[in-house]
4 protein chains.
Amino acid sequence: MSGDSFGKLFKITNWGESHGPAIGCVVEGCPAGIPLTETDIQPFLDKRRPGQSQLVTQRNEADQVKILSGVVDGKTTGTAISLLIENNNNRSKDYSEFAKLYRPSHADFTYQQKYGIRDVAGGGRSSARTTASNVAAGAIALKVLQRANIEILSWVDSVGTISAKIDADQVTEALIESNPVRCPDLVAAKAMEEKILAIRKAGDTIGGVVKCVVRGAPIGLGEPLFDKLEADLAKAMLSINASKGFEFGSGFAGTELIGSQHNDIFYQDENSQIKTHTNHSGGIQGGISNGMDIYFRVAFKPVATLMQQQQTVDTSGNAIEYHGRGRHDPCVLPRAVPIVDAMTAIVLCDHWLRHQAYCHS
Amino acid sequence: MSGDSFGKLFKITNWGESHGPAIGCVVEGCPAGIPLTETDIQPFLDKRRPGQSQLVTQRNEADQVKILSGVVDGKTTGTAISLLIENNNNRSKDYSEFAKLYRPSHADFTYQQKYGIRDVAGGGRSSARTTASNVAAGAIALKVLQRANIEILSWVDSVGTISAKIDADQVTEALIESNPVRCPDLVAAKAMEEKILAIRKAGDTIGGVVKCVVRGAPIGLGEPLFDKLEADLAKAMLSINASKGFEFGSGFAGTELIGSQHNDIFYQDENSQIKTHTNHSGGIQGGISNGMDIYFRVAFKPVATLMQQQQTVDTSGNAIEYHGRGRHDPCVLPRAVPIVDAMTAIVLCDHWLRHQAYCHS
Amino acid sequence: MSGDSFGKLFKITNWGESHGPAIGCVVEGCPAGIPLTETDIQPFLDKRRPGQSQLVTQRNEADQVKILSGVVDGKTTGTAISLLIENNNNRSKDYSEFAKLYRPSHADFTYQQKYGIRDVAGGGRSSARTTASNVAAGAIALKVLQRANIEILSWVDSVGTISAKIDADQVTEALIESNPVRCPDLVAAKAMEEKILAIRKAGDTIGGVVKCVVRGAPIGLGEPLFDKLEADLAKAMLSINASKGFEFGSGFAGTELIGSQHNDIFYQDENSQIKTHTNHSGGIQGGISNGMDIYFRVAFKPVATLMQQQQTVDTSGNAIEYHGRGRHDPCVLPRAVPIVDAMTAIVLCDHWLRHQAYCHS
Amino acid sequence: MSGDSFGKLFKITNWGESHGPAIGCVVEGCPAGIPLTETDIQPFLDKRRPGQSQLVTQRNEADQVKILSGVVDGKTTGTAISLLIENNNNRSKDYSEFAKLYRPSHADFTYQQKYGIRDVAGGGRSSARTTASNVAAGAIALKVLQRANIEILSWVDSVGTISAKIDADQVTEALIESNPVRCPDLVAAKAMEEKILAIRKAGDTIGGVVKCVVRGAPIGLGEPLFDKLEADLAKAMLSINASKGFEFGSGFAGTELIGSQHNDIFYQDENSQIKTHTNHSGGIQGGISNGMDIYFRVAFKPVATLMQQQQTVDTSGNAIEYHGRGRHDPCVLPRAVPIVDAMTAIVLCDHWLRHQAYCHS
């Protein structure tokens with residue numbers, strides 16, 4: 001059973017391979033009457049696209065999105081929205097070498113074994129290029145969420161062992177975008193940038209963590225028992241290429257606390273809103289948003305493609321040596337930021353629509 | 001849109017509240033012809049049930065499961081299996097105090113706000129009691145997985161700041177069950193036990209981490225782009241009450257490595273199987289199992305119910321004091337182990353069936 | 001992949017076999033705050049249950065429904081509602097004869113071949129007894145629809161070649177229930193009753209057609225391209241045991257008309273509502289309700305169990321003779337009426353909730 | 001909740017409007033390793049496309065399909081297949097007149113009311129043009145079914161009151177395609193052709209019935225309780241534009257029979273296969289295929305667009321007159337044949353894959 005769709009009321013179906021003629025997705029469930037043009041989507045793709053800075057791959061992909069359906073006279077019609085991004089350099093290179101081997105920590109081996117066939121060029125379906133379509137879909141989800149005044153901000157929280165020190169309440173889009181790492185702690189950002197450049201020079205790669213905060217989410221998003229808000233966020237995040245972990249609120253560190261430290265004490269604020277003094281819950285209690293900021297962190301491994309010699313096996317199992325080539329990211333983190341934003345928006349939009357069905361019935 | 005179902009081919013639909021007449025679930029998609037009786041399921045419920053040791057709640061719940069459908073003459077028929085567990089002490093106490101307040105870090109507030117109504121007794125639907133049904137369903141999933149020689153083992157990896165030192169390859173069911181903490185590092189287990197008893201005496205609670213390993217999973221489980229094996233595991237784990245995070249393979253620690261340290265180098269073993277020397281991938285590459293052991297960790301927060309005085313608000317927002325009562329777990333970890341086992345089994349069984357559909361077509 | 005669930009926002013998961021300990025279903029997606037007790041459901045089960053009149057099977061099944069979850073203090077909580085109906089006479093008879101043969105036009109052969117095993121007693125899962133759970137779920141759907149002033153009425157439109165002559169606008173619940181056939185044309189009802197009694201005396205059975213009208217459905221229900229309202233109604237109706245066909249609006253007879261006869265001409269009524277003079281569309285245009293009455297017809301075959309000698313084969317394929325026994329319906333139509341009502345209510349409720357998600361977003 | 005997807009294991013997601021830049025669909029769940037190129041799909045589109053004969057609309061649509069993903073080196077990879085068909089004449093005409101009125105028995109009124117906006121050009125999303133994508137997807141399903149030697153044949157069974165007299169066992173693809181009506185009874189075909197031409201000349205339209213037979217389906221397809229094979233076929237057929245009814249096996253006529261006439265008596269044939277003498281069951285018993293030919297009929301109403309003056313209302317409800325223009329089908333039946341073929345193939349392929357998951361587990 002194919003797993004190319006995500007979401008229940010706001011649903012995306014992703015298709016396409018790295019070096020095929022195009023990639024894209026179909027967005028179902030976008031409400032009617034929302035203003036939407038390609039220019040609403042393009043800035044998000046530009047954040048994800050290669051070649052933005054020295055820190056990321058220097059490949060040249062324009063990533064121009066086209067809306068093929070679901071919009072008339074600049075407004076959504078409530079019907080399926082088809083998004084298409086052409087691949088510029090499709091199948092231009094010779095991939096015959098890759099066809100004969102399994103690159104370490106890539107999906108070459110598992111795709112070949114599972115399907116008995118794989119699209120070798122650029123990793124085919126397993127390429128992170130497929131996330132561009134999700135970013136485009138996420139831009140539409142964000143348009144829907146703007147109606148509800150929900151804001152999503154992600155940033156690079158750590159690169160290797162360099163961690164940002166950030167008051168999440170003070171983070172702004174401008175601060176995140178003020179540097180190529182997308183880290184709002186400018187001191188850490190500088191150190192991260194230097195680290196990434198050094199790693200790149202060494203032909204190596206490095207991992208890190210993205211943090212995301214959702215502001216303005218209404219109370220009530222999340223559908224227990226299984227579609228708890230954090231459960232769907234976790235699934236969304238772990239579906240992103242190279243992600244290795246998810247934690248929300250106090251996360252793994254919270255396991256070291258005792259209950260009297262960890263519990264978030266309720267109080268009523270001056271606007272008669274019930275809030276909590278601390279937010280170890282990360283804005284979610286019992287799987288349902290409680291009106292506080294939702295926040296979580298996503299771990300990303302170092303990119304598997306190295307610009308150095310590595311041992312591996314060919315498709316017959318013989319030991320061989322292999323050297324990565326082409327233009328790859330030394331660190332996926334800066335480009336992961338818009339992907340985390342997008343997947344978060346898709347989850348929130350789905351749950352927001354699900355909530356509408358019941359709170360109005 | 002209700003979120004009470006989980007899985008696509010092997011699907012469970014969970015129902016019931018903590019203090020209603022019964023809880024249960026319907027299991028759809030179990031293949032026909034599998035030997036199954038209540039005695040296959042009961043041992044897993046016994047691992048989860050209260051009152052097993054000093055470390056967990058002393059509530060008395062027999063948790064006797066009944067199979068109401070889908071089995072004839074001791075074998076599954078391929079039709080929906082209905083499981084029911086009666087609640088012994090339902091609605092016996094006076095919950096009028098709880099009806100008027102929101103317990104800190106519980107779901108009282110969010111359920112009330114989302115639904116405009118809540119079942120106060122024992123937390124109703126938000127109670128971890130609902131996981132008993134999942135454990136029962138997981139026992140059925142395990143029966144299916146046994147056919148494919150897939151084995152699942154979970155254990156307590158840390159309690160507070162006490163971490164086990166464990167060679168995952170050496171862990172056995174017997175070792176896990178040799179102590180009430182369910183930690184196969186017996187030295188750590190002793191320290192954890194003492195810690196939990198001290199915490200309990202203080203009327204407090206403590207968190208920790210469960211680790212899980214899946215042995216014998218065939219190559220090919222997982223359905224990209226979104227239903228990657230780790231993505232569905234993450235969702236399953238984050239749907240468990242009190243869970244705060246999920247990481248697989250190298251996880252969050254792996255983000256501090258560089259690519260040349262992190263990549264898992266392929267080799268061919270003496271049986272002509274392609275394997276990897278290291279397993280930072282946690283047995284999953286590109287969302288698909290690669291034949292190595294699958295392993296992951298799940299963070300659990302300290303239980304929110306404390307046997308001590310806490311500040312909170314009543315349902316009108318007025319500040320009040322509240323003191324937990326009843327018999328609650330000082331540490332959820334030992335009882336979380338069979339729940340992690342069960343949810344893992346459900347995910348694996350679902351993906352194993354999904355894989356059958358295609359590898360035979 | 002099991003097909004025991006139906007619906008998307010309002011979803012039922014049906015379980016149980018004819019002669020197991022119980023049957024039941026889980027209803028997900030019922031909005032919170034709806035008054036609900038067993039006495040809201042029981043009258044619908046009483047309409048479906050055996051032994052109501054001479055026209056139907058004389059089996060004695062009390063069909064007492066229990067609500068096990070999802071309701072507190074007489075109101076729905078928005079969480080899964082579990083319904084259970086105990087089977088009284090489970091496995092009391094000797095079914096060893098049936099185990100060795102395939103009854104003509106029953107599901108014995110296909111279940112055995114598909115699953116390699118079957119529950120012989122009373123037909124197991126293939127028994128129409130499973131529809132009792134759907135009727136109970138439909139009663140809940142009707143409670144939801146009452147909020148929206150949607151009314152559903154089904155009746156027997158024909159038995160064999162005897163057709164009712166009915167002005168659908170004049171049909172009332174009282175008129176339908178005024179006779180055991182459930183046909184509001186009292187002259188036809190009398191003829192149908194005599195026909196059924198004669199057929200029963202002959203040890204034979206007879207088919208017929210149920211007609212259903214939905215009054216008060218708002219404009220906008222139905223989700224093209226595939227979840228058109230008529231498509232989901234068709235699926236619901238064809239999932240009922242013994243059903244052979246579905247037509248809405250002008251149906252099969254409409255294929256003999258030309259467009260200028262068939263088109264429904266719009267006009268504006270005195271309340272500024274846009275309506276149509278005729279209603280060949282059956283209240284649905286382009287898959288979406290248009291505010292006119294929705295009506296459709298469902299064909300039911302003659303019951304397969306005859307009280308007479310028939311040829312068939314045993315499970316080894318040898319020709320044998322077989323004589324039906326027990327107490328069976330000579331005509332399923334009177335008891336099909338509440339089932340059609342229920343499945344219609346479930347479809348309407350599902351689409352009504354789906355519509356809420358978008359019309360409020 | 002959007003209804004643009006159909007199927008569970010073999011799933012299509014349809015997008016696009018009549019006069020947008022393109023239409024298309026994403027096919028998920030096609031097994032890997034199946035030979036597939038555009039030339040496998042194009043002949044099916046050519047059967048559906050306008051301008052084939054005098055009997056259908058004379059619009060010029062090339063309907064050239066492009067495969068954008070999921071195929072490498074002429075074989076399916078097991079990942080999502082994206083199909084795209086460009087619209088040639090998109091938005092070339094002036095549709096401002098249509099924007100102001102509701103055409104009788106079209107979806108103009110219901111789309112406008114449901115979504116508050118509609119794509120006026122060519123009917124937008126409600127146009128039967130969207131079925132071209134389904135036909136393309138059906139061609140892929142047919143490739144999968146060929147592996148299992150399953151054959152699907154549809155033909156025009158009646159036009160208005162002219163019915164074909166056909167022995168379904170003798171029908172061949174060649175016989176169906178031997179005349180522009182697609183009716184294998186050549187005498188009836190001639191009469192139908194004359195009738196359609198006369199109707200066209202009168203500026204009117206006419207309905208009819210398509211019959212479909214599935215040969216070679218293995219025993220075991222269909223997933224009770226709700227995803228019975230006939231239930232999913234009914235949904236598929238009623239989702240086709242202009243369809244009004246579905247019946248399988250003996251259908252509505254079977255309701256006039258008594259059980260002793262209607263029951264299909266089992267026997268064992270010379271190859272030790274258990275078969276039935278008659279086939280009133282239409283190849284499906286208890287929702288599961290029994291190995292006999294599956295057959296059913298689908299009713300189609302006369303096309304709503306007439307080349308004559310009609311009364312209607314404008315969007316403000318004022319009575320106006322309207323005259324259809326452009327090139328429309330006088331009878332949808334000949335072009336409905338490949339659509340019925342395609343939707344049948346999609347349902348069968350989905351159920352065939354679902355069956356694989358369990359019969360191999």
Side-chain angles (χ1 to χ4, degrees), chain A residues 1-5 7-17 19-34 66-73 75-84 86-87 91 111 114-121 124-126 130 350 353-354 357, chain D residues 1-5 7-17 19-34 66-73 75-84 86-87 91 111 114-121 124-126 130 350 353-354 357:
Chain A
M1 183 182 200
S2 174
D4 299 298
S5 295
K8 294 193 173 172
L9 285 200
F10 188 88
K11 185 170 69 158
I12 69 170
T13 301
N14 183 304
W15 57 269
E17 287 91 35
H19 285 51
I23 59 172
C25 67
V26 184
V27 176
E28 292 175 81
C30 181
I34 293 181
K66 288 183 200 168
I67 300 174
L68 296 182
S69 70
V71 175
V72 67
D73 298 335
K75 286 195 175 174
T76 59
T77 58
T79 66
I81 301 171
S82 178
L83 301 174
L84 184 138
E86 284 180 24
N87 288 330
R91 301 231 159 71
Y111 267 68
K114 181 178 182 65
Y115 300 110
I117 186 175
R118 72 187 149 107
D119 183 6
V120 173
R125 184 69 175 151
S126 70
T130 57
D350 188 36
L353 289 172
R354 290 170 73 168
Chain D
M1 183 182 201
S2 173
D4 299 298
S5 295
K8 293 192 173 173
L9 285 198
F10 188 88
K11 186 171 67 158
I12 69 170
T13 301
N14 184 305
W15 58 267
E17 287 90 35
H19 285 51
I23 59 171
C25 68
V26 184
V27 177
E28 292 176 81
C30 180
I34 293 181
K66 289 182 198 167
I67 299 174
L68 296 182
S69 70
V71 175
V72 66
D73 298 336
K75 286 196 176 174
T76 59
T77 58
T79 66
I81 301 170
S82 178
L83 302 174
L84 183 139
E86 284 179 24
N87 288 331
R91 303 228 157 73
Y111 268 67
K114 180 178 182 67
Y115 299 110
I117 187 174
R118 71 188 151 108
D119 184 6
V120 173
R125 184 67 176 154
S126 70
T130 58
D350 188 37
L353 290 171
R354 289 169 75 166

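Residue numbering restarts at 1 for every chain, and letters A, B, ... go by the order of the sequence lines.
Contacts of Asp73(D) with chain A are absent, with no heavy-atom separation under 4.5 Å from either backbone or side chain. Looking at Ser5(D), the atoms closer than 4.5 Å to chain A (heavy atoms on both sides) sit in the backbone and in the side chain alike. Looking at Arg118(D), only its backbone comes within 4.5 Å of chain A, counting heavy atoms on both sides. Lys75(D) touches chain A through backbone and side chain together, each having a heavy atom under 4.5 Å away. Only the side chain of Lys11(A) comes within contact range of chain D, with at least one heavy atom under 4.5 Å from a heavy atom of that chain.
Contact record, Ser2(A) with Gly29(D): CB-N, 3.4 Å, taken as the closest heavy-atom pair. Shown here for Ile117(A) and Gly33(D), the closest heavy-atom pair between the two residues is CG2-N, 4.5 Å. Minimum interatomic distance between Glu28(D) and Gly3(A) (heavy atoms only, all atoms of both residues): OE1-C, 4.2 Å. Of all heavy-atom pairs spanning Ala80(D) and Arg125(A), the tightest one is CB-NH2, 4.4 Å.
If you take OH on Tyr115(D) and OG1 on Thr76(A), they are separated by 11.0 Å, rounding to the nearest 0.5 Å. Separation of atoms CG (Leu68(A)) and CD (Glu17(D)) is listed at 10.0 Å; rounding is to 0.5 Å.
Residues Ile81(A) and Trp15(D) have side chains not in contact (no heavy-atom distance under 4.5 Å, counting atoms from C-beta outward).
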Q: Walk me through it: do Leu84(A) and Leu84(D) pass the test side chain to side chain contact (heavy atoms under 4.5 Å, CB included)?
A: CA-CA 10 Å; Leu84(A) 184 138; Leu84(D) 183 139; 3.9 Å; yes
Margin query: Apply side chain to side chain contact (heavy atoms under 4.5 Å, CB included) to residues Asp4(A) and Val26(D) and explain how you reach the verdict.
Written below: CA-CA 10 Å; Asp4(A) 299 298; Val26(D) 184; 5.9 Å; no
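Between chain A and the options Gly24(D), Gly78(D), Ser82(D), Gly116(D), heavy-atom pairs under 4.5 Å are most frequent for Ser82(D).
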